[in-house]
Amino acid sequence: MRILYVQERRNKNGATDRLSTSFDCSEIIVGRGGASTVIVSSKKVSLTHARVFFANGQWMVSDLQSLVGVRVNNVRVASSMLATGDVIGIGDVTFSVGIVGDEITLIQGAPSDPVMSTEEELERLSQGLHVESYLPRMRTLSFLCGALVLMVWAFLPGSLDRFDSWNSGPISNAHKTIERDCRRCHSAPFRPVQDKDCLSCHSMTQHAKEHDKFISQHPSLSMRCAECHMEHNGDHGLVSKDSRQCVSCHGGIRELRPESEILDVISLARHPQFRVAVTQPDGTEMRVSLEDKANAKDATPLKLNHAVHLKKGLRGANGPTTLQCNSCHALASDEGSMQPISFDTHCRDCHSLGFDERLPNTQLPHGDAETIYPTLFAEYAKLLLLNNGEEQNVQRDQLRAMPLGTELPTPKNLAPEALKVQQAARVAEEEVFTRTGCYLCHEYREKPVSEQKDDQTRYTISKPNVPSTFMTKAQFDHSAHENVTCESCHEKTRTSTETSELLLPGIDTCRQCHFDGEKAGFVRSGCAECHGYHKSLEVPSGQKRTLTDYLRSLAR
Amino acid sequence: MSKQTFINYKEYRWLVVTIVSLVVLLAIYALNTPVGGRNGGTFVGYTYGVLATIGIAWLMAYGGRKRAYSSSLGTVEGWLAAHIWIGTGLLLVVPLHAGFSFGYNVHTLAYALMVGTIVSGMWGVMRYATLSDKISSHRGGQSEAVVLDQIASLGSDIESAAREKSDAFLSLVERFDFIFKPRVEFLLRRIELPPVNQREAGEFLSRLPEVERDEALRVIGFIDQKIDLAQGLITESRIKFMLRSWLFLHVPISVALCVAVGIHIFSVFFFW
């Protein structure tokens with residue numbers, strides 16, 4: 001019988017060394033103490049821990065009342081037969097069993113850790129006390145973090161062609177539909193947004209054309225659309241109402257455009273007096289400062305006496321009436337501007353265009369002088385027929401309306417009845433054009449004899465061309481000012497007797513409440529408060545697209 | 001007079017520089033009301049962006065300066081003071097650059113990473129300010145290697161003493177002795193090694209043969225020493241962890257910040 005004890009050791013290179021000891025006996029003691037046959041240096045092994053012996057033709061192992069016991073194939077035993085392949089556990093040491101005949105081999109397993117020198121062991125222990133042992137190298141971590149950012153926020157947007165994460169600020173609501181199509185505006189990398197990028201969508205507006213024309217006239221300005229229309233600032237910048245943008249040009253517009261008739265403006269405080277558009281007798285429009293008393297006159301060929309119209313107890317259609325400003329000047333549906341004055345709506349109630357007492361329900365039409373004579377002829381012809389040819393009545397009234405000494409024209413080739421009707425119509429025509437009806441408000445002119453025809457009106461009326469606004473370069477919101485009386489701003493209205501008197505407030509009136517910037521008690525008022533920049537933003541209907549075409553152009 | 005540290009370096013020179021700079025920058029920011037609102041694209045916005053970029057580059061340069069032992073370009077302590085205070089100031093400069101506009105984008109990511117870098121730096125500064133003096137006190141001025149060697153020697157002494165002794169003696173050693181093996185747990189939480197329980201040790205002693213009792217008392221003494229030394233190392237390693245661990249956030253985040261700033265600059269000029 002022989003017992004072969006093999007001790008495996010792992011050197012510092014990780015290789016396994018074997019140290020074999022052969023015992024020609026049938027029994028060995030495994031323990032920590034010197035009395036043992038096989039000495040194992042372990043604090044978990046008792047002085048004499050276990051006995052391996054041959055009895056009755058079998059190799060056996062038994063526990064010598066050790067502290068932690070003996071285990072065979074991980075089962076604690078007091079005594080057990082051994083077979084090839086068994087693993088004996090003695091304390092924290094294991095032995096693999098191999099039996100050939102009456103020889104047994106016990107192979108003590110190598111410790112998992114290599115045998116190290118004291119210095120190495122200390123170094124290993126020391127490393128275990130530092131955070132570096134448990135984390136990747138800082139350089140590696142840094143590289144990974146940088147690479148992650150580069151990958152997610154640079155390569156990924158680039159490779160997917162989705163640059164949402166590069167968006168430098170909120171897109172204005174107007175451009176939301178093209179928010180993800182960065183190249184629609186940024187057509188060339190590393191170049192500011194060019195006008196052609198804006199015009200690819202906006203070329204059709206009058207605004208763009210005006211700007212284009214302006215820039216083509218002043219190439220030295222090199223003013224891009226995007227310099228005023230600043231995107232990626234939400235809704236703040238796209239259509240800015242900041243006066244400084246206006247003043248950057250209009251503060252010195254005379255330098256930029258010497259030929260311009262526009263005056264330099266740098267603030268409301270230093271805004272020149274309002275210039276109003278007045279129509280000249282020849283029909284041309286001229287802008288005149290309200291300070292220019294000689295020319296600042298309403299040349300509208302109308303006879304309007306505000307003082308009379310604002311008197312109390314006027315004779316109205318239904319008895320005495322007192323007119324207010326809004327009796328004639330009503331807010332338009334936009335509640336900012338005024339409705340145009342209409343004779344039928346605002347005047348006819350008081351200013352009847354009746355022409356004969358016998359026709360109390362018949363009035364002349366308003367708006368076209370050429371309709372007056374045909375209307376009169378038709379009405380008198382009807383009257384003659386209804387009176388069954390009683391010419392006296394017609395004749396009498398005609399004569400009553402005629403001024404003394406009037407010579408009636410002598411038409412030719414007319415039946416006697418027609419002649420009577422025509423004469424009556426001519427008398428009434430002259431009456432309404434020269435003394436009543438039209439004459440009250442309009443200036444008239446008798447056509448030259450060469451232009452007069454038997455069946456047409458012989459007078460013409462100067463077209464009034466009442467302007468819808470005198471301030472054509474600004475907008476005024478009447479509804480925003482409804483808490484003050486009209487006469488607060490339109491002074492002297494109650495005493496105005498002439499149409500030519502412009503009853504418009506000057507800029508000093510505005511300055512009583514409005515101020516350029518922040519000032520307690522004043523409304524902050526920039527240029528855009530009254531002025532639109534190149535208002536014509538409407539797209540001509542011929543250039544509009546269908547919704548389908550528009551969405552297709554978004555490529556989404 | 002208080003001791004000069006990297007925080008109060010030269011009577012808070014860099015704190016003063018930072019505060020004065022911020023006051024000036026804030027005043028300009030408040031007085032400047034650009035058309036379209038304050039944002040990174042205005043003159044002041046660009047200027048502040050350039051200043052912030054230079055500031056970040058300077059902060060990153062500290063990493064190089066502290067390793068450039070032969071450099072005479074200011075003291076490392078001075079650089080560190082500037083690193084801390086200028087870095088703190090950037091927390092405000094960058095929002096001023098952006099007009100306090102933030103969003104889910106790479107630009108805000110750069111700011112978030114900068115905040116992460118600075119906050120982790122503040123964490124580190126606080127750790128250094130409160131913990132750095134405590135390191136050597138835990139090991140009586142001895143180096144870590146010496147203490148580990150002492151622990152190993154005590155282990156050997158205990159093992160030698162236990163050799164050839166009775167199993168009762170071994171039980172006593174098994175019960176009270178320990179193998180000092182550093183674990184990550186030492187770094188993450190406060191661990192107090194319990195001393196040898198005297199009453200329990202007495203019970204073990206009573207079971208020993210008479211001849212082994214003196215030796216057992218000596219071994220218990222060894223174990224007590226071992227516990228003291230190990231406890232010192234454990235406490236120290238945790239402090240060191242607290243002093244070093246923030247850098248594992250601070251440095252990688254700062255590198256990520258540099259990359260994000262690079263993308264930020266690239267992207268705003270790519271889509272100018």
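A quick note: this is a predicted structure, and the numbers were derived from the prediction, not measured. Just so it is clear: chains get the letters A, B, ... in the order the sequence lines come, proteins before strands, and each one is counted from 1.
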Under 4.5 Å to a heavy atom of chain A? For B:F102 that would be neither

So, the part of B:L257 with a heavy atom under 4.5 Å from chain A: the answer is neither

| Between B:K226 and B:D177, does at least one N-O distance fall below 4.0 Å, as a salt bridge requires? | yes

Whatever's closer than 4.5 Å to a heavy atom in chain B on A:M138 counts as both

Under 4.5 Å to a heavy atom of chain A? For B:I151 that would be neither

For this session: Taking atom types as modelled, find out whether A:D197 and A:S187 have a side-chain donor-acceptor pair closer than 3.5 angstrom.
Result: yes

So, the part of B:T108 with a heavy atom under 4.5 Å from chain A: the answer is neither

Checked A:M230, A:Q127, A:H232, A:H130 vs chain B; the most non-hydrogen pairs under 4.5 Å come from A:H130

Turns out that what part of B:D167 lies under 4.5 Å from chain A's heavy atoms comes down to both

Cut-off 4.5 Å, heavy atoms of chain B, and the answer for A:V152 is neither

Applying a strict 4.5 Å limit to non-hydrogen atoms, the region of B:F180 in contact with chain A is both

Nearest heavy-atom contact between B:A161 and B:E215 is CB-OE2, 3.3 Å

When the 4.5 angstrom heavy-atom criterion is applied to B:V35 and chain A, the contacting part is both

